[in-house]
Amino acid sequence: YIGVQVVHNRISEVAKELSKMPFIRFVAIMLGRYNILAITLIESPEQLVDIVSDHIVPIEGVRHTETSIGIMPIKYDYRWGRILDDDPED
C-alpha cells in the first residue's frame with residue numbers, strides 16, 4: 001500500500017499518472033491522511049523502494065509517500081473488484 005500526499009491542485013493529475021503505471025493495480029482518491037492510495041504487488045522490498053523512489057516521488061505535486069506492506073491477509077473477497085480490460089482509456 002502506498003499512501004501519497006499531493007498538493008491539492010494536482011490530486012487528479014497525479015492519480016491519473018499513477019493509474020497508467022502497469023505495476024500499480026489500484027488507485028483511489030481518498031479522504032483522510034493521504035490524498036491518494038495506490039496498491040501494488042511486489043516481490044521484494046527493493047522493488048517497492050524502486051517504485052516509490054524512481055516512479056512516484058518524481059511526479060510533479062507529490063509531497064510525501066508512506067508505504068505499508070500487508071503480511072498476513074485475513075480476508076479477500078474477489079467478488080468486490082470490477083473486472084476491467086487492459087485499455088485504461090475505456
Side-chain angles (χ1 to χ4, degrees):
Y1 301 93
I2 306 166
V4 185
Q5 287 182 343
V6 180
V7 295
H8 288 283
N9 65 343
R10 294 272 307 150
I11 294 171
S12 292
E13 291 82 359
V14 171
K16 287 176 187 174
E17 287 188 49
L18 291 171
S19 70
K20 292 177 184 177
M21 296 178 180
F23 42 82
I24 300 292
R25 301 296 184 170
F26 173 90
V27 176
I29 294 175
M30 307 292 287
L31 294 174
R33 183 176 185 154
Y34 299 103
N35 306 109
I36 299 170
L37 175 65
I39 300 177
T40 186
L41 297 174
I42 59 169
E43 295 179 7
S44 69
E46 295 80 14
Q47 184 182 20
L48 182 58
V49 170
D50 175 62
I51 289 170
V52 173
S53 299
D54 296 344
H55 298 279
I56 296 176
V57 170
I59 298 172
E60 180 184 343
V62 171
R63 294 189 339 194
H64 175 74
T65 63
E66 183 173 311
T67 60
S68 297
I69 297 176
I71 59 168
M72 188 170 50
I74 305 301
K75 177 181 179 179
Y76 175 72
D77 186 346
Y78 66 90
R79 296 172 296 174
W80 73 272
R82 291 181 15 207
I83 297 173
L84 302 174
D85 63 21
D86 291 337
D87 187 1
E89 298 298 319
D90 288 342

request  = Might you point out which heavy atoms bring Ile56 and Val62 nearest each other, and give the distance in Å?
outcome  = O-CG2, 3.5 Å
ask   = Do the non-hydrogen side-chain atoms of His55 and Glu17 ever get within less than 4.5 Å of each other?
value = no
Heavy-atom pair with the smallest gap, counting every atom of Ser53 and Pro58 = O-CD, 3.4 Å
query = Residues in salt bridge (charged side-chain N to carboxylate O under 4.0 Å, His left out) with Glu66, at least two apart?
reply = Arg33
ask   = Same cluster for Val6 and Ile29 if Ile/Leu/Val/Met/Phe/Trp/Tyr side chains link at under 4.5 Å?
value = yes
inquiry  = Quick check for you: to the nearest 0.5 Å, what is the distance between Ile24 atom CD1 and Ile2 atom CD1?
reply    = 4.5 Å
message = Taking Val49 as the starting point, is it possible to reach Val52 by hopping between hydrophobic residues whose side chains are less than 4.5 Å apart?
response = no
inquiry  = Looking at every heavy atom in both Val7 and Arg63, which two are closest together, and how far apart are they?
reply    = CG1-CD, 3.4 Å
inquiry  = Same cluster or not: Leu37 versus Ile42, using hydrophobic residues (I, L, V, M, F, W, Y) connected whenever any side-chain heavy atoms lie under 4.5 Å apart?
reply    = no
message = Between Val57 and Ile11, is there shared hydrophobic-cluster membership here, with clusters defined by ILVMFWY side-chain heavy atoms closer than 4.5 Å?
response = yes
request  = Could you check Ile59 against Met21 for side chain to side chain contact (heavy atoms under 4.5 Å, CB included), going step by step and ending with a plain yes or no?
outcome  = CA-CA 12 Å; Ile59 298 172; Met21 296 178 180; 3.7 Å; yes
inquiry  = Do Tyr1 and Phe26 land in one hydrophobic cluster if side-chain heavy atoms of ILVMFWY residues count as linked below 4.5 Å?
reply    = yes
inquiry  = Rounded to the nearest 0.5 Å, what separates atom CG in Leu48 from atom OG1 in Thr67?
reply    = 5.0 Å
ask   = Side chain of Asn35, backbone of Gln5: donor and acceptor closer than 3.5 Å?
value = no
inquiry  = Run the side chain to side chain contact (heavy atoms under 4.5 Å, CB included) test on Ile36 and Leu18 for me, step by step, so that the C-alpha distance in whole Å, both residues' side-chain angles and the decisive distance to 0.1 Å come before the verdict.
reply    = CA-CA 9 Å; Ile36 299 170; Leu18 291 171; 3.8 Å; yes
key: Pairs flagged by ring-ring contact (aromatic ring centres under 6.0 Å, His included) wherever residues 29-54 is involved - sequence neighbours left out   = none
ask   = Has Phe23 got more than 12 heavy atoms of other residues, nucleotides or ligands less than 6.0 Å from its CZ?
value = yes
